[in-house]
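Notes follow once the structure below has been shown.
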Amino acid sequence: MAARRLPRSFFLRPTPEVARALLGQRLVHEQRIGGRVQRIAGIITETEAYCGETDLACHARAGRTKRTEPLYGPPGFTYVYFTYGNHWLLNFVTQPEGVPHAVLIRAVQPVEGLELIARRRKGRPARIWTDGPGKLAQAFGITGEHNRLSLTAPEAIIFVERGQPIQDALVRSGPRVGLGATPEPWLSKPWRYLATLPQNKEEITR
DNA sequence: ATGTTGATTGGCT
DNA sequence: GCCAATCAACATT
């Protein structure tokens with residue numbers, strides 16, 4: 001029995017709500033490698049909400065540019081960008097077309113495609129394979145070519161399957177990470193969400 | 001265990 | 001020219 005994929009409407013709620021609701025869901029990448037489809041999946045354990053032009057931590061603070069264009073598109077699409085000269089970061093666009101919000105996927109717990117993940121994260125211990133946004137993109141083989149892809153189209157290769165809901169007692173929220181000189185109140189908005197899964201206790205203190 | 005720093009490239013001012 | 005929604009290596013406690 002095929003797992004149910006999250007529909008477009010999932011991404012049409014307030015962005016912090018979407019970020020919270022993504023915890024426990026299953027991120028899937030079905031990638032064609034050498035003629036056959038390789039499936040990689042992980043349970044989402046950490047997210048952050050970025051909330052439009054007025055949120056001075058959000059890329060949309062720069063307005064509509066070539067880079068931020070996907071944020072202005074319809075919900076349920078990827079926004080993948082490159083940063084620090086090294087890393088790709090995966091986001092899901094939320095809110096109606098024209099409203100530039102997104103959720104950054106910061107960490108997952110790998111559950112399928114472990115051999116391929118191990119190869120891509122060669123030499124590192126499994127506990128740090130996918131515990132950061134750049135790391136999970138590397139592990140999942142996500143790059144700029146995966147920008148602006150639909151998560152909900154029948155032919156989608158990156159999508160989210162419904163998983164076990166995470167109860168509030170196992171969810172923590174706090175300020176977003178890596179924002180540098182972002183002014184208040186944006187610097188302290190509690191828009192980072194972390195799930196404490198059984199094998200995920202180390203995420204809390206990271 | 002915790003803190004500091006260099007790497008490295010594209011986007012934007 | 002500046003800086004970035006990070007990572008990993010290395011130093012220090």
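Note on naming: letters A, B, ... go to the chains in the order of the sequence lines (proteins, then strands), and numbering restarts at 1 for each one.
Here the P atom of nucleotide dA7(B) and the CG atom of N86(A) are 11 Å apart, to the nearest Å. Here the P atom of nucleotide dG11(B) and the CZ atom of R64(A) are 18 Å apart, to the nearest Å. Following rounding to the nearest Å, E69(A) (CD) and dC12(B) (C1') show an atom-to-atom distance of 15 Å. Between K66(A) atom NZ and dT13(B) atom P there is a gap of 15 Å when expressed in whole angstrom units. Rounded to an integer number of Å, the gap from L56(A) CG to dA5(C) C1' is 14 Å. Taking atom CH2 of residue W129(A) and atom C1' of nucleotide dA8(C), one finds them 18 Å apart after rounding to whole Å. With rounding to whole Å, W88(A) atom CH2 is found 13 Å from dT8(B) atom C1'. If you take CG of L90(A) and P of dA5(C), they are 16 Å apart, rounded to a whole angstrom.
Heavy atoms of other residues, nucleotides or ligands lying less than 6.0 angstrom from CD of Q164(A) number 12 at most.
Put simply, R106(A) has a side-chain N or O that comes within less than 4.0 Å of OP1 or OP2 on dT6(C). Listed pair T65(A) / dC12(B) meets the phosphate criterion, a side-chain N or O lying under 4.0 Å from OP1 or OP2.
The partner of dA5(C) cannot be assigned: no Watson-Crick or G-U wobble pair with both contacts below 3.5 Å exists in any strand.
No engagement by T182(A) is indicated, since no non-hydrogen atom pair under 4.0 Å with the nucleic acid exists. Within the nucleic acid shown, L104(A) comes within 4.0 Å of at least one base atom, counting heavy atoms only. Among the protein residues, R176(A) comes within range of no part of the nucleic acid, since none of its heavy atoms lies under 4.0 Å from any strand.
Note on ring orientation: taking the six-membered ring where Trp is involved, the planes of F82(A) and W88(A) are tilted (angle from 30° to 60°). Ring planes of F92(A) and F11(A): perpendicular class, angle over 60° (limits at 30 and 60°).
In terms of polar N and O atoms assigned as donor or acceptor, the side chain of Y81(A) comes within less than 3.5 Å of the base of dA5(C) in a complementary pairing.
With rounding to the nearest 0.5 Å, the separation of CZ in F159(A) from OG1 in T152(A) is 11.5 Å.
Residue E48(A) forms a salt bridge (charged side-chain N to carboxylate O under 4.0 Å, His left out) with just one option from R176(A), R106(A), R20(A), and that option is R106(A).
Residue whose closest nucleotide on DNA chain C sits further toward the 5' end, between G178(A) and I128(A): G178(A). The 5' end of DNA chain C is approached more closely, in terms of each residue's nearest nucleotide, by G180(A) than by the other of L136(A) and G180(A).
The side chain of R121(A) has dA8(C) as its nearest neighbour among dA8(C), dT6(C), dC12(B). Candidate nucleotides dA5(C), dA8(C), dT13(B) were compared by shortest atom distance to the side chain of K135(A), and dA8(C) ranks first. Among the nucleotides dT6(C), dT9(B), dA5(C), the one closest to the side chain of F82(A) is dT9(B).
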